[in-house]
Amino acid sequence: MTTLHDTGPAAEGQLHALVIGVDHYPHCGRSTRLEPPWRDFARAVSPLNCAVPSALAVVNWLRRHLSDRVHPVGSIELLLSAQQEQQVDGRDVERATMANVKAAFGRWYDRCDRNPDDVALLFFCGHGLRLSSEDILLLEDFGADRHTVFANAIDFRETYYGMRMAKAGIQCFLLDACRNTPEDLAGRATAHATALKHAPPSPESRDAPIVYSAPPGSRAPAPDGSPTRFTEAAIQALEGGSADHTVPDWPVTTDLLHFGINRLLGWGEKSDGRQYAAHGGQASGGTIHALGVPMVPFRFGCDPHAALPYAHLHLANPDRKFERPPAEIVWRGAAPADSYSLRAEFAAQGYTGDPAIVMLLPPYRDSLLKVKPA
Amino acid sequence: MIMELHWGPPAAADQTSAVMAVEVIDSGLRVAARTALQAGTPVEITLDDGTYLIRGWTPDGQLSEAVAAGSSSVALESSSAVPSPTLVEAYADWFQPWHCVRGTWRPGAGLFSAGGGRNLALQFGTADGPAVTTITTAGLGIPDLIDVPADGAALSLLHYLAAGDFRSARTLVDAFGTLSPSHLTPATAIATGYFLAQTGNPRLSNWAREATTVLPESADAAVLTAWHHLRAPGAGLGGAERRLIRAHRLGLPAVAAGMALLTDGLAAARRGRSSAGLLLDEVRLIRRAMLPGILTSYWSVTPNNPVPALRPAPRRDPGGRPSPLAMAAPMAIFAGSLLKTRPRFVIPFNRYRRRLRPVEPLVALDSTARRLLPSATPRRIAVLRKTYLGAASSASASEADIATFVADQESRHGWPAPAGTTSIPRLDLRGARAAGPADRAAVRWGDSATDISVDCRQSALDRVDIAVRAQGDILVEMHVADDHGWQRYLITNGCRITLTGIAGRLDLAVGDVRDPATLDVDDADAVVRSVSHADRPGRDRWRALLGELSHDHPIALAITEGLE
């Protein structure tokens with residue numbers, strides 16, 4: 001088993017994570033043994049190269065928060081499927097097959113069922129699809145059995161409602177997978193995928209947001225060899241992009257999670273072709289974790305842009321000072337949330353400008369400092 | 001100091017203008033004020049002297065902000081655009097107006113700007129991609145026909161919810177000053193209901209109770225109410241299932257999130273081959289055809305084909321949605337470039353775009369369109385009549401035209417009774433806003449040859465009681481038309497069944513007289529249905545019959561299932 005971290009039961013609320021990354025689909029591609037109508041779909045399921053890096057990025061973020069004051073990470077279950085065996089801290093990581101995922105889910109569920117103050121976090125990165133308004137997540141051994149094709153895929157909807165039975169008062173689900181319906185499977189009513197937990201009859205109210213990396217019917221981008229944009233945005237959001245500035249502790253809350261991820265996904269991207277996250281479930285505003293003061297990413301430039309190569313930019317307040325020497329590109333950085341003065345010094349003659357007040361608040365800040373020819 | 005906040009040009013202010021949630025943050029990063037700011041309408045707030053960041057996300061996802069130090073007037077401008085997905089860019093390559101002439105839809109731009117209450121279908125699409133169809137009435141204007149897209153506050157709130165910006169949504173809801181559907185516009189009330197549902201707010205309970213009375217014919221309100229009952233701790237699935245079925249019969253929710261709730265609700269409530277299970281299959285198909293967006297909208301086909309075509313399964317595009325049959329239709333397509341160079345074709349189109357910006361609100365009427373279309377069932381036409389007449393009359397449409405249109409539609413929809421049955425007069429239900437006497441509708445029918453009499457009467461807005469009298473201990477087959485075709489019921493002599501969720505009208509036919517001893521496995525489904533809808537004396541009679549059958553007899557099992 002690959003339980004990277006487990007503190008055991010605690011009186012205070014903890015965060016328990018189940019992280020799954022699937023790059024390797026050995027029963028798909030050209031050599032698939034599946035029969036029509038699944039064959040063409042299985043052939044189109046190509047190996048990925050971003051799911052494992054994404055899952056590891058999430059694990060690294062979790063490991064930086066083992067000692068948080070609010071909801072410290074109490075346990076991490078990790079399953080990775082890549083061409084080669086994966087190791088973390090010198091330990092082999094279990095592959096994300098259905099049997100292993102079921103076992104890991106069981107351990108994760110048991111921890112999430114201990115304390116109503118706990119936070120449950122599920123992260124999945126890999127191939128997915130949508131059939132009859134249900135999201136299906138493909139595991140490594142998808143297609144291994146040609147008679148029960150979707151037996152090794154997760155029925156997420158049923159699993160989501162099934163998690164209602166767990167005591168954890170806050171449950172967050174981050175799904176980084178495609179949500180399109182393959183042409184060959186479009187007419188199918190259901191896939192008969194496997195629920196990791198069967199749902200109770202009544203889906204009672206709870207604080208359990210779902211953030212998807214793509215709207216229904218859309219594909220999620222898969223970069224080569226690096227974490228996905230969605231994963232990066234999700235980590236940024238958890239790191240402060242979804243922090244609530246109206247509360248002193250800057251808590252990252254469930255009702256701001258999707259908002260922060262989506263804004264960060266689109267930050268700096270052109271509207272055409274940018275990625276949109278979608279949300280589901282229900283978010284009541286519970287605290288996932290608290291930060292103290294979050295770092296706010298920013299981009300500062302000059303108006304007109306022609307002044308930027310000559311501008312020595314300063315971002316300062318009585319407690320903190322940051323600066324950037326003249327450069328032709330905008331100043332990209334991050335600073336603790338606060339109120340600052342942004343000013344430009346021009347060593348060479350040509351421009352002048354007054355300082356501007358800049359308040360850095362999540363999820364990000366863009367600002368152009370107005371200057372004028374001297 | 002008093003600070004006046006502006007957003008958007010002053011001339012744009014009207015009821016359809018968007019509303020933005022705005023925060024005023026002081027230099028200590030504390031929130032000094034929150035307010036809802038309608039485009040074109042300044043708002044004054046009182047603040048201590050100091051420097052403030054005024055910041056808000058527009059409903060379509062743009063960050064608007066300004067820093068003010070001692071200013072009395074602040075205009076919010078967008079500093080960066082992170083727009084939400086819109087349909088305008090994707091579906092504006094071409095558009096095609098259609099008009100309805102004697103019940104047949106014909107393409108043509110000439111009548112597009114004509115008045116007189118003509119019914120128009122508008123299609124938007126890409127050259128090789130999907131099309132979107134909506135239906136309106138020329139000369140009335142979209143905002144007069146459906147109030148969700150016309151209500152800027154409601155649409156803004158729905159945009160915030162769709163974007164997951166619950167904080168801004170809460171600011172808008174707070175600005176409404178009430179959660180009571182009685183004190184809000186219908187559209188705002190519905191949007192508020194979705195806010196309460198998506199944030200798990202316990203006040204959804206009060207909202208649902210009131211909405212049942214205030215918005216009795218709103219599919220959205222019905223879905224939210226059903227969803228609330230489904231989620232209530234210890235809720236009975238039967239009650240939730242009935243509410244979901246009733247919600248479905250009221251039509252499709254105008255808000256896309258309502259379709260998700262309807263699907264998930266039916267999935268939770270279904271039991272075997274129950275009505276919820278059957279509806280779930282249909283709703284899943286419909287939902288699969290939906291466009292992404294705030295309001296319920298579809299990948300479309302021609303006006304002469306319903307959206308979506310449920311059977312046979314249409315061709316699919318690579319994205320998995322039904323392919324647009326529009327491409328096979330005899331239609332003249334106007335290229336998007338032509339629209340730009342020949343404005344005389346597009347004056348109304350531009351007017352809609354200017355007032356409503358995205359095409360999306362137009363598409364909201366698609367659920368109406370579905371019911372307007374020729375292959376819609378009588379039930380759908382009945383729902384259409386209520387929805388369409390109610391909306392159109394409020395916009396001073398020509399009643400004569402609408403009456404002609406509805407009569408035309410209905411006359412082409414004979415719903416033949418099953419072979420071997422005898423039709424009895426149709427029961428036309430009275431709606432909440434029906435003119436005329438307040439008496440509930442009733443139909444009585446008798447046959448002296450068989451000595452059978454049927455008494456069918458409306459007992460509530462969407463409820464009908466059917467009572468049967470005959471001679472002897474017999475069962476009378478009653479056939480009742482619903483969305484799935486004719487349903488067969490077996491009514492015991494002297495008893496009645498109660499059907500709920502009936503919309504518009506009820507087609508009835510009397511079938512055979514049956515001896516209970518002749519019931520066999522083919523009658524099992526009808527028995528389950530009949531027992532579950534029977535009144536107490538009727539259920540007692542079925543229970544008595546149970547004692548005469550072996551425990552594993554299919555009819556015994558059916559009676560037991562019905563009694564549960």
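Chain letters run A, B, ... following the sequence lines, proteins first, then strands; residues in each count from 1.
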Distance-minimising heavy-atom pair for B:D26 and A:M359 = O-SD, 3.7 Å

When heavy-atom pairs shorter than 4.5 Å are enumerated against chain B, which of A:P248, A:A283, A:S284, A:S339 gives the highest number?
-> A:A283

For chain B, the option from A:L129, A:D338, A:N317 that forms the most heavy-atom pairs under 4.5 Å | A:D338

With only heavy atoms counted, which part of B:L161 is less than 4.5 Å from chain A, the side chain, the backbone, both or neither?
-> backbone

Examine whether an atom of A:T254 lies under 4.5 Å from a heavy atom of chain B, and if so say whether it belongs to the side chain, the backbone or both; otherwise answer neither.
-> neither

Are side-chain heavy atoms of B:L29 and A:W250 found at a separation under 4.5 Å?
-> yes

Enclosure of A:R43 CZ (heavy-atom neighbours >12, cutoff 6.0 Å) = yes

Ordered numerically, the heavy-atom neighbours of chain A under 4.5 Å found in residues 198-207 of chain B are B:Q198, B:T199, B:G200

Between A:R206 and B:R231, is any pair of side-chain heavy atoms under 4.5 Å apart?
-> no

Between B:G265, B:A267, B:G28, B:A69, which shows the greatest number of heavy-atom pairs under 4.5 Å with chain A?
-> B:A267

Determine yes or no for a side-chain-to-main-chain donor-acceptor pair under 3.5 angstrom, with A:H258 supplying the side chain and B:D165 the backbone.
-> no

Hey, mind stepping through A:T246 and B:R34 against side chain to side chain contact (heavy atoms under 4.5 Å, CB included) and telling me if it holds?
-> CA-CA 11 Å; A:T246 64; B:R34 276 201 184 92; 3.0 Å; yes

Indicate yes or no: at least one non-hydrogen side-chain atom of A:R263 is less than 4.5 angstrom from one of B:L63.
-> no

In this structure, are over 12 heavy atoms from other groups packed under 6.0 Å from B:D48 atom CG?
-> no

Tell me, for A:L368 versus chain B, whether the close heavy atoms (under 4.5 Å) come from the side chain, the backbone, both or neither.
-> neither

Region of A:H245 that comes under 4.5 Å of a non-hydrogen atom in chain B = both

At a heavy-atom separation under 4.5 Å, does A:E134 approach chain B through its side chain, its backbone, both, or neither?
-> side chain

Compare every heavy atom of A:P363 with every heavy atom of B:R55, then report the nearest pair and how far apart it is.
-> NH1-CD, 4.3 Å

Please examine the side chains of B:E65 and A:L361, heavy atoms only from C-beta on, and report whether any two atoms are closer than 4.5 Å.
-> no

Could you tell me the separation between the CD atom of A:Q282 and the CZ atom of B:F166, rounded to the nearest 0.5 Å?
-> 9.0 Å

At what distance, to the nearest 0.5 angstrom, does CG of B:L53 lie from CZ of A:R365?
-> 6.0 Å

So, the part of B:A197 with a heavy atom under 4.5 Å from chain A: the answer is backbone

